[in-house]
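To start, the structure itself, in structure tokens.
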Amino acid sequence: MTEDSKEMQVYELGYHILPTVVADDLEGEVGKLRSAIEKRGGSFIAEGTPEIVSLAYPMFVNYGGKQTKYERAHFGWMKFEMDREQAVALREEDLSRNSLLLRYTLFKTTREETRAQLQTEQSTILREVKTTGILEKKHEAEEGGEVSEEALEKTIDELVGEEK
Amino acid sequence: MHRPMTADYFSQHGIKYVDYKDVDVLKRFLNPHGRIKPRTQTGLTAKHQRDVTRAIKRAREMGLLAYIMK
């Protein structure tokens, strides 16, 4: 393969930075990752700023024979375009040697936004209900019967007259 | 006995890609023990089932999802 025919591929890097890195130094550490990508000819597409997350299980790191347990980390991600050979070099020379990265993943992806954007508006409306005026009309007819007091007195008089 | 989901979740919601960072979506396809549900239970297309499996494995590796629950 010649240099001109280099195939650019979109990659995503997801990373956990140690929780011991304070918020002020976090931007500097992310800047180091960015500069490592740019140094290898990578062009950025999208980025998710790191935020502290609780890990689903504790991760252990061995420092000189002593294991340190981490239950939280700063999770961030970045999507970029890079040549395949450079991506391999990035993983082996930059990412794997970075002692402040608790864990990382680098994989091929697509240029488009891959996060799910759920259509909540449609799902909230279960079905439309049509109403009819049948019940109201029936109710009005009943009310009309109650109002006619003259008719009521007339029927009472008739009943009293029948008894006499 | 498990009742299978009626239709493909991703087609229903217009989701084109399955992302390992969408943990809440991925949790739908795990059983209470944290194991990936089979296609007979998820009702997904073969492609989406493969995508979900890949995304769950990435999320587990990154500590966003547990390997075992309970």
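Sequence lines set the chain letters: A, B, ... in the order given, protein chains first and strands last, and positions in each chain run from 1.
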Find the one option among Thr110(A), Thr109(A), Val53(A), Leu55(A) whose heavy-atom pairs under 4.5 Å with chain B are most numerous.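 The option with the most such pairs is Thr110(A).
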
Strictly distance-based, threshold 3.5 Å: is any side-chain N or O of Thr42(B) a donor or acceptor partner for the main-chain N or O of Phe29(B)?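 Side chain of Thr42(B) to backbone of Phe29(B): no pair is present.
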
Examine distances only and state if a side-chain atom of Lys79(A) and a backbone atom of Glu112(A) form a donor-acceptor pair shorter than 3.5 Å.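 Side chain of Lys79(A) to backbone of Glu112(A): a pair is present.
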
Non-hydrogen contacts under 4.5 angstrom with chain A: give the residues of residues 47-60 of chain B involved, or none if there are none.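 Only Arg58(B), Arg60(B) of residues 47-60 of chain B have a heavy atom under 4.5 Å from chain A.
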
Is it true that Glu38(A) and Arg40(A) make a salt bridge, defined as a side-chain N closer than 4.0 Å to a carboxylate O?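 Not counted as a salt bridge, because no side-chain N and carboxylate O are separated by less than 4.0 Å.
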
Residue Leu65(B) versus chain A: region with a heavy atom under 4.5 Å: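 Contact with chain A: backbone only.
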
Taking side chain as everything from C-beta outward and backbone as N, CA, C, O, which of these in Lys16(B) sits under 4.5 Å from a heavy atom of chain A? Side chain, backbone, both or neither.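 Neither part.
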
To check you understand the geometry: which heavy-atom pair defines the closest contact between [X] and [Y], and what is its length?
X	Y	value
Tyr11(A)	Arg84(A)	OH-CA, 3.4 Å
Leu106(A)	Ala87(A)	CD2-O, 3.8 Å
Asp83(A)	Met8(A)	N-SD, 3.7 Å
Leu26(B)	Tyr20(B)	CD1-O, 3.8 Å

Part of Phe75(A) lying under 4.5 Å from any heavy atom of chain B: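 Side chain of Phe75(A) only, per the 4.5 Å heavy-atom cut-off to chain B.
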
Heavy-atom distance under 4.5 Å to chain B: side chain of Glu12(A), backbone, both or neither?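 It is the side chain, since no backbone atom gets that close.
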
Residue among Val25(B), Asp24(B), Val18(B) satisfying side chain to side chain contact (heavy atoms under 4.5 Å, CB included) with Asp22(B):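 For Asp22(B), the side chain to side chain contact (heavy atoms under 4.5 Å, CB included) test succeeds with only one of Val25(B), Asp24(B), Val18(B), which is Val25(B).
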
